[in-house]
There are 2 protein chains.
Amino acid sequence: MAAQTGTVLHENVREEIMRRVRSGEYEVGQALPSTASLSEEFGVSAITIKRALRDLQPTGILRSVPGLGTFVREHRRFIRDLDFSLTSHADALRLGLEPSISLVSLTREKIVDPAFDPLEPPGHLMLCVRKIIFADRTPIMYDTSYLPRSLDDAVVEEFGEKFIGDALRARGTKFTRTKLLIDAAPASEQARETFTIPNGYPTLRRLYRLDTTDKSFCVYGVTESPFDRLACMVELDAEPKKSRR
Amino acid sequence: MAAQTGTVLHENVREEIMRRVRSGEYEVGQALPSTASLSEEFGVSAITIKRALRDLQPTGILRSVPGLGTFVREHRRFIRDLDFSLTSHADALRLGLEPSISLVSLTREKIVDPAFDPLEPPGHLMLCVRKIIFADRTPIMYDTSYLPRSLDDAVVEEFGEKFIGDALRARGTKFTRTKLLIDAAPASEQARETFTIPNGYPTLRRLYRLDTTDKSFCVYGVTESPFDRLACMVELDAEPKKSRR
DNA sequence: GAGTGGTCTAGACCACCCT
DNA sequence: GGGTGGTCTAGACCACTCC
């Protein structure tokens with residue numbers, strides 16, 4: 001039958017199911033046996049099986065679809081460079097993937113999320129652009145960016161259609177500094193909807209602040225990605241140029 | 001009574017509890033009402049209350065202790081610089097916190113975690129040092145580092161007691177390159193034990209590869225932190241020095 | 001209509017903590 | 001002993017998908 005290392009039933013079931021997925025016993029894309037049959041096989045109630053399966057959802061290896069079944073998810077993860085100057089349409093193509101962007105909303109908002117605090121955001125209203133970035137048709141980032149309100153509509157459109165780096169370059173703006181705050185977080189409401197992930201699903205966030213040569217032009221934002229869709233890479237120099245001691 | 005926006009009971013309860021915590025109605029450090037009384041108040045079964053509370057655990061705002069109650073967690077998050085050259089004992093002190101390190105294990109292992117793949121790890125056995133890093137007495141990082149096997153014991157001890165950057169400097173070794181892969185992930189087994197966090201709790205991971213002037217001396221490793229304990233910050237230059245086009 | 005997963009409940013039992 | 005949260009169960013109902 002099943003592994004019986006622990007004393008808690010749903011944990012034993014969870015571990016055993018995970019083992020079967022990892023070992024390939026349950027194949028990617030295929031449906032697991034129904035909760036009813038698993039219940040019979042493990043000799044525990046159907047509810048306990050469901051509990052175990054639900055607890056596996058945040059690991060990203062399973063996805064349950066009501067009325068259909070529970071499936072082993074395939075996971076393909078994209079790796080992006082942290083540097084915004086390299087994050088562009090051209091860069092995505094270079095990596096061999098087809099990027100696309102879908103505008104979600106254009107509003108005027110203040111930055112209220114306390115996660116921004118270390119970036120010292122302004123207290124006033126800003127243009128808020130929300131968009132979804134796809135790679136090869138699959139959504140990989142949910143981006144919320146805040147721009148100065150002094151932009152004319154044509155430029156705003158551009159920010160909704162392009163990567164921020166590209167939009168700024170098209171406008172002739174140059175970065176002076178890029179400050180990034182990287183953390184993990186349970187999926188936000190929007191992320192849950194965008195990526196159809198369950199409550200509490202781990203996501204990778206990148207909060208940014210882009211300063212430009214134009215003192216009054218400063219861009220803030222946050223990019224959220226499901227942990228299994230995106231990671232980011234950065235290469236640091238041998239010795240820091242600026243001494244912080 | 002309670003909010004009734006949705007149609008799913010445990011979600012309504014979850015949202016309402018979250019609202020109360022955020023609004024300060026349930027104070028930090030204080031125990032929530034018992035599941036029994038919440039059950040009565042919301043007019044749902046105790047199981048549904050427990051379900052809602054359990055689903056809130058991965059958000060980090062609650063902690064349930066069997067036999068005691070469910071409490072509102074205080075969260076204080078540390079922010080570290082990504083650059084390893086700045087990650088040191090002295091640096092921690094500068095930030096006004098008291099760092100300490102506790103050695104967990106010293107073994108010989110191969111790097112098997114596929115998460116390391118983008119860093120191109122070697123296939124052979126390495127010295128594996130696992131340690132827990134504390135800040136002001138609270139554990140904030142679980143670090144697993146892999147070192148060349150050619151080290152003498154005295155030096156190995158040093159790696160167990162010090163930050164990697166400090167240990168390398170003490171050995172007179174210089175970095176030539178630091179490659180970092182940052183991602184989020186559900187808590188590993190060790191992280192769950194170390195930080196006493198529940199299954200599926202989001203963590204921030206930093207996988208690293210440190211190359212040194214000594215060609216044969218290369219350090220790999222991964223640092224895992226609960227999402228609510230650590231974030232990392234990095235500042236990038238105006239223009240990339242190296243062209244990658 | 002038969003099968004699927006998701007929700008909700010009542011009730012029982014346990015281990016734990018405090019007095 | 002009386003409180004707490006955690007587990008497990010049987011059984012009922014629902015919405016959904018597929019045939």
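Computed from heavy atoms alone, side chains included, the values below leave out hydrogens, waters and symmetry copies. Below, read A as the first sequence line, B as the second, and so on, with proteins coming before strands; counting in each chain starts at 1.
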Exercise. Could you tell me the separation between the CG atom of Leu32(B) and the P atom of dG3(D), rounded to a whole number of Å?
Key: 19 Å
Self-check item: Donor-acceptor under 3.5 Å (Ser39(A) side chain, Val44(A) main chain)
Solution: yes
Exercise. Please state whether the phosphate of dT7(D), meaning OP1 or OP2, lies under 4.0 angstrom from any side-chain nitrogen or oxygen of Arg51(A).
Key: yes
Practice problem: Could you walk me through whether Glu224(B) and Arg192(B) pass the salt bridge (charged side-chain N to carboxylate O under 4.0 Å, His left out) test, one step at a time? | Solution: CA-CA 11 Å; Glu224(B) 189 176 0; Arg192(B) 286 210 298 272; over 6 Å; no
Self-check item: Rounded distance in Å - CG (Asp55(A)) to C1' (dG5(C))
Solution: 15 Å
Self-check item: d(CD, Glu11(A); C1', dC8(D)) in whole Å
Solution: 13 Å
Quiz item: Under the side chain to side chain contact (heavy atoms under 4.5 Å, CB included) criterion, do Phe159(A) and Glu161(A) qualify, and how do the steps go?
Solution: CA-CA 5 Å; Phe159(A) 274 93; Glu161(A) 293 163 3; over 6 Å; no
Quiz item: Taking only residues two or more places apart in sequence, or in another chain, which ones meet Ile101(B) in a side-chain contact (heavy atoms from CB on, under 4.5 Å)?
Solution: Lys131(B), Ile133(B), Phe163(B)
Quiz item: With the sugar-phosphate defined as primed atoms, P, OP1 and OP2, and the base as all remaining atoms, what B/S/- string results for nucleotides 9-19 of chain C, 5' to 3', for protein heavy atoms under 4.0 Å?
Solution: BBB----BS--
Quiz prompt | Length of the CZ-C1' vector between Phe42(B) and dC8(C), whole Å | solution = 16 Å
Quiz item: Taking atom P of dT17(D) as reference, at what distance in whole Å does atom CZ of Phe71(A) sit?
Solution: 12 Å
Practice problem: Can you tell me the distance, in whole Å, between the CZ atom of Arg54(A) and the P atom of dC8(D)? | Solution: 13 Å
Quiz item: Leu56(A) CG to dG5(C) C1': how many Å, rounded?
Solution: 15 Å
Quiz item: dT7(D) P sits how many Å from Arg14(A) CZ, rounded?
Solution: 9 Å
Quiz item: Do you know the tightest heavy-atom contact between Ser225(B) and Met141(B)?
Solution: OG-CG, 3.6 Å
Self-check item: Side-chain (Arg206(B)) to main-chain (Cys232(B)) donor-acceptor, under 3.5 angstrom
Solution: no
Quiz prompt | Candidate nucleotides dG5(D), dC8(D), dG5(C), ranked by approach to the side chain of Ser64(B) - the nearest | solution = dG5(D)
